[in-house]
There are 2 protein chains.
Amino acid sequence: MGLPERKQKILKLLDQHDNRDVQEIADALGISAITIRRDLQQLAEEGLLVRTHGGAMKAPALHPFTAFVDKAGVGQERKQHIGKLAAAQVKPGDTIFLDCGSTVFAMCQHLRKTGPLRVITNSLPVVAAFMDCDQITVNLIGGEVDKERKAMHGQRALQHIDSYHGMKAFIGTDGLSLRNGLTAFSEKEASISKAMAAQADIVYLLCDSGKIGKDSYLKYAPLTMFDHLITDRQLPTSTAAQFKAKGVSVIS
Amino acid sequence: MGLPERKQKILKLLDQHDNRDVQEIADALGISAITIRRDLQQLAEEGLLVRTHGGAMKAPALHPFTAFVDKAGVGQERKQHIGKLAAAQVKPGDTIFLDCGSTVFAMCQHLRKTGPLRVITNSLPVVAAFMDCDQITVNLIGGEVDKERKAMHGQRALQHIDSYHGMKAFIGTDGLSLRNGLTAFSEKEASISKAMAAQADIVYLLCDSGKIGKDSYLKYAPLTMFDHLITDRQLPTSTAAQFKAKGVSVIS
DNA sequence: ATCAAAACAATCAAATTCGATCAAATATAA
DNA sequence: TTATATTTGATCGAATTTGATTGTTTTGAT
């Protein structure tokens, strides 16, 4: 049994049980403990798990944008809930903008059965999600490929968006608060979100409750940029009331 | 038993069991271990499996975009040969156009180690191939997603291409003959190929010998559109001579 | 705070595998 | 046919991997 195969098996063991000790893994694979420890060290360096004394545990959630690659990522339940609500806003025949982000991506599986749609997006995972879906025509924004976010960004992408018009736009954000409005990690995503919002009749902001009240470092738009906030049920009613008092329509 | 046949059998063995060691394969095929190791190296370079110490394991499932890659398909050997030759024409620092087509796609694996490059393409598989390659920046043509061909087409895509300039363009074709020049199945691909050719200083046509002398139904460009024809060694020398007589530079 | 058991890092030795080079066999071309 | 290329198999030194040993650090309980 080679090293890569062992790595796979170790990760699989961690999927079944979040926390395992080295002797347990060694017994399961029939390999000496010392070798398992070496494997764990490599896997830890690759960020695939976290080392503990005597064993290893599953890797913690990563940055927001890489989270959607991670199937069992934290907050996935909430994202699924939001995705379902957002998809319910879409009617057959609509033309919609979808930006790149894990929460917006969660909409895709629910949109597949909606009916004929035209989707305009800068997200490669979104394109992949609809690749085998005949009823949905996809228009992919062109431009520089941002490999980290698996999406298109840059000047050309913005120009491309400006030449389209859609009925609804669904955009995500890294932070949302009454004081600072919408905030983001990166200028790139922020500019795309703004451009899409400007070209749509109705703008939906998708934001799970864990991000509400938190600010990222870049302020890029006021609360007035969007028409409806779609979030989950874990949002305290008091917070929801505050947003409603500011004139925000809250869907949860 | 020839080399291509062995490759197919090795891949079949890996389909049955994700992980095999070289001696196991050697015994199964009745071939020496050293030869199996050479085969595995080739297969690994083609991305059809992953080498491990002492054996090999199945290639990890990649992006959905690469689904069209027909692993052990007919003509794959010739495409690989052409891809290698074409990639050798590219120098570090180049800006190149790559169109959508399996022959052009075969270049990608050989381009990964070339050095810093800027790639402009309308092909989703090409984007996927360079997704984890830091040295290569990719500019994806925007437009309507053609799900069948996994590429972008349409008016907007053509406009997008026109706003760029590249040193070299690598394009495929469905048919090539002295009488009818370049022929294609579909208007969509033909228009993209023409647009890319118009924006590049040097145009390479990638065409395996099986397509030479054959015509598809749509004539879209004369032989003068390209500067160099890259093909395989199965092209009869007499045919090659005919092309050279017409002023075509043939690389094989 | 102290002590014992367990786990860790580092070094070493044995086994296996790999890469490069060379010779024989086969296929291909002139 | 002869000459050239390609492919297969073998050998040898280099590199990788595995498991053991040693001393040090961490953990948990007294």
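Numbered from 1 within each chain, the chains take letters A, B, ... in sequence-line order.
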Determine, step by step, whether B:Gln89 and B:Ile230 satisfy the side-chain contact (heavy atoms from CB on, under 4.5 Å) criterion, reporting the C-alpha distance in whole Å, the side-chain angles of both residues, the deciding distance to 0.1 Å, and the verdict.
CA-CA 10 Å; B:Gln89 301 291 324; B:Ile230 302 182; 4.3 Å; yes
Just the rounded figure in Å: distance from P of C:dA7 to CZ of A:Arg20.
16 Å
Listing time: all N or O pairs from protein to nucleotides 25-30 of chain C that are below 3.5 Å?
none

For D:dT8, does OP1 or OP2 lie under 4.0 Å from any side-chain N or O of B:Thr35?
no
Decide, yes or no, whether a salt bridge links B:Lys188 with B:Asp146 under the criterion of side-chain N to carboxylate O below 4.0 Å.
yes
Would one find more than 12 heavy atoms of other residues, nucleotides or ligands at under 6.0 Å from atom CD of B:Gln234?
yes
Output yes when B:Arg112 and B:Glu45 qualify as a salt bridge under the 4.0 Å nitrogen-oxygen rule, no when they do not.
no
Could you tell me the separation between the CZ atom of B:Arg51 and the C1' atom of C:dG19, rounded to a whole number of Å?
11 Å
Between B:Arg6 and D:dT7, is there a side-chain N or O to OP1/OP2 distance below 4.0 Å?
no
Check the pair B:Asp94 / B:Lys91 against salt bridge (charged side-chain N to carboxylate O under 4.0 Å, His left out), numbers first and verdict last.
CA-CA 6 Å; B:Asp94 277 0; B:Lys91 303 301 168 207; over 6 Å; no
Does B:Arg20 pair with B:Asp27 as a salt bridge, N-O distance under 4.0 Å?
no
Distance, rounded to the nearest Å, where B:Lys7 contributes NZ and D:dT8 contributes P
11 Å
Taking CG in B:Asp134 as the centre, count heavy atoms belonging to other residues, nucleotides or ligands within less than 6.0 Å. Is the count above 12?
no
d(CG, B:Asp21; P, C:dA15) in whole Å
19 Å
Look at the side-chain N and O atoms of A:Arg37 and state whether any lies under 4.0 Å from the OP1 or OP2 oxygen of D:dG19.
no
Check the side chains of B:His81 and B:Asp208 for a donor-acceptor pair under 3.5 angstrom, ignoring hydrogens and angles.
no
Is it the case that more than 12 heavy atoms not belonging to A:Lys7 sit under 6.0 Å from its NZ atom?
yes
Quick one: which protein N/O atoms are closer than 3.5 Å to N/O atoms of nucleotides 20-30 of chain D? Pair and distance per line, please.
unit_1 : atom_1 : unit_2  : atom_2 : d
D:dT26 : O3'    : A:His53 : ND1    : 3.2
D:dT27 : OP1    : A:His53 : NE2    : 3.1

Separation of atom NE2 in B:His81 from atom C1' in D:dA5, rounded to whole Å
14 Å
